[in-house]
Amino acid sequence: MLKVKAGDLDRMGMLFERYNRQLYGFLFHMTYQRELSEDMVQQVFYKMLKYRHTFTGTGEYIHWMYSIARNVLKDHWRKNKQQVQHEGVEAAETIAGGLVPDEAFEKKQAKAELHRAMGKLSESQREILALSRFQELKCQEIAQILGMTEGTVKVRIHRAMQELKSIYVKMER
Amino acid sequence: MKCELYEELFTGWINKELSPEEKGVLEQHISGCDHCRTELEALQQLWGHMGQFETPEPSANMSVKFYAMLDTYKESVKEQRSLWADIKYQLSNFWQWQPRWPMAYNLAMVAILVVAGYLFFGKSKSDDQDRQLQALSSQVHELKQTMMLALLENPSASERIRGVSYTSEIKHADKQVIDALLATLNNDPNVNVRLSTLDALTHLAGHPEVREGLIKSIVEQDSPLMQLAIADVMLKLQEKRSVGSFKELLKQKDLDHGVRDKIKQTITQLI
Ligand SMILES: [Zn+2]
């Protein structure tokens with residue numbers, strides 16, 4: 001990344017190749033909307049290009065990428081305040097409903113329920129689960145991205161999982 | 001120890017980050033605490049279920065747009081000048097256009113007249129004024145089109161992309177605009193310009209001549225990026241008539257492997 005800062009813009013292409021799927025995955029699990037996630041990936045890379053001089057080179061490049069992505073998400077949620085709550089839940093239903101067609105009905109049903117439950121978590125809970133479960137980041141990395149201690153991250157993941165479980169159990173009843 | 005004190009270890013357990021010592025501590029606790037044992041089992045199961053969620057792949061479009069953005073950005077960095085130099089540059093551009101595009105000169109004038117008209121007449125509307133304003137705005141429209149056609153011939157790729165993007169502002173693209181876009185799609189030396197043009201043409205797919213032009217263009221494209229993008233467009237438009245062209249494309253021996261797979265997939269999805 002320091003090379004990009006030095007003006008070697010072609011390097012940005014390599015970084016894109018390396019991280020675009022990962023970033024897209026994160027944004028998708030935060031929004032459940034494909035096109036929106038793609039637009040956001042574009043916004044994140046544009047910002048990294050534009051503000052590359054602010055990247056100091058301390059810390060990992062991907063932590064910086066995630067913190068920009070979080071700002072893009074916050075921006076989106078601020079601009080679309082009223083829709084957001086429903087948007088997430090509804091999109092989760094569409095996605096879960098449209099998963100692989102030949103899966104056993106019951107299994108599909110359970111997956112859809114769990115997806116819906118995910119959509120009902122608060123944004124910060126969904127975020128921490130997206131980072132740990134779907135991005136498969138270590139707690140220590142998440143701590144750097146979110147600016148918390150590792151212990152706090154672990155406790156928050158646990159609380160988010162408990163919350164998810166209780167929403168899920170309520171739905172099954 | 002109280003049960004809450006084990007919360008951190010619960011997380012480490014389910015995402016497999018515990019050290020052997022930590023694991024021992026937790027195991028010892030759950031062997032004597034039913035509550036924590038069932039809780040841990042339930043959370044671990046939930047964690048496992050979450051692993052079954054699919055994360056979709058981004059479309060080919062995403063990288064296409066990224067590289068177009070990167071290229072445009074590179075050019076804009078190259079072209080950075082001081083403010084004064086910029087003004088001089090704009091002026092020289094302006095005079096360059098003069099002999100070939102005398103209409104462009106009038107754009108500013110007409111725009112000023114429209115604004116002045118609104119200001120002068122205020123909100124009072126007579127049919128006559130409406131007609132005058134309509135005539136003016138259609139003139140503006142015509143001029144925009146002229147500007148766009150001029151930009152398409154600019155030597156700078158980012159200017160040409162700008163020209164292509166103007167088409168979204170043109171309400172009724174006529175034959176001249178469509179022909180210019182199709183020519184750019186097939187002949188522009190810069191792949192990003194061609195990609196932007198494809199994008200613009202997709203929005204004009206309501207015109208039958210655009211669709212025909214796109215189908216014909218399939219065999220003209222030699223860049224894998226373009227071939228992938230055009231396959232996506234044909235799928236989006238559900239254009240079955242493109243199957244012939246794709247089959248033609250498959251005959252090319254040096255076709256990229258990824259593209260070959262995508263084209264085959266596209267054909268099956270279209271039939
Ligand atoms: Zn306990």
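Per chain, numbering begins at 1; letters A, B, ... match sequence-line order.
By the 4.5 Å heavy-atom criterion applied to side chains, B:Leu182 and B:Thr197 are not counted as neighbours. Between A:Tyr168 and A:Arg116, every side-chain heavy-atom pair lies at or beyond the 4.5 Å cut-off.
For A:Phe134, the ring pair (Phe, Tyr, Trp, His ring centres under 6.0 Å) criterion is met by A:His29, B:Phe53, not counting sequence neighbours. Listed by chain and number, the residues in a ring pair (Phe, Tyr, Trp, His ring centres under 6.0 Å) with A:Tyr24 amount to none (sequence neighbours excluded).
For A:Gln162, the parts lying near chain B are the backbone and the side chain together; criterion is any non-hydrogen pair under 4.5 Å. Both the backbone and the side chain of B:Glu7 come within contact range of chain A, each with at least one heavy atom under 4.5 Å from a heavy atom of that chain. Proximity to chain B (any heavy atom under 4.5 Å) is shown, for A:Arg156, by neither the backbone nor the side chain. Within the 4.5 angstrom heavy-atom criterion, only side-chain atoms of B:Tyr67, from C-beta onward, approach chain A. Contacts between B:Gln45 and chain A at a heavy-atom distance below 4.5 Å are absent for every atom of the residue.
Between chain A and the options B:Pro58, B:Gly51, B:Ser59, B:Ser63, the largest number of non-hydrogen pairs under 4.5 Å is found for B:Pro58. Chain A forms more heavy-atom pairs under 4.5 Å with one residue of B:Glu4, B:Glu57, B:Lys65 than with any other, namely B:Glu57. Heavy-atom pairs under 4.5 Å with chain A peak, among B:Asp71, B:Asn61, B:Leu43, at B:Leu43. Ranking A:Val153, A:Ile157, A:Thr152 against chain B, the residue ahead of the rest is A:Ile157, based on heavy-atom pairs under 4.5 Å.
Atom CZ of B:Arg37 sits in a crowded spot, with more than 12 heavy atoms from other residues, nucleotides or ligands closer than 6.0 Å. Around the CD atom of A:Glu35, the shell of radius 6.0 Å holds no more than 12 heavy atoms that belong to other residues, nucleotides or ligands.
Ring planes of B:His29 and B:Tyr6: parallel class, angle under 30° (limits at 30 and 60°).
Within the structure, salt bridge (charged side-chain N to carboxylate O under 4.0 Å, His left out) contacts touching residues 262-271 of chain B (residues at least two apart or in different chains) are B:Asp232-B:Lys262.
Under 3.5 Å, the side chains of B:Ser217 and B:Gln221 contain a donor-acceptor pair of N or O atoms.
Between the side chain of B:Arg260 and the main chain of B:Leu250, a donor-acceptor pair closer than 3.5 Å is present.
Of all residues spanning residues 65-73 of chain A, none has a heavy atom less than 4.5 Å away from chain B's heavy atoms.
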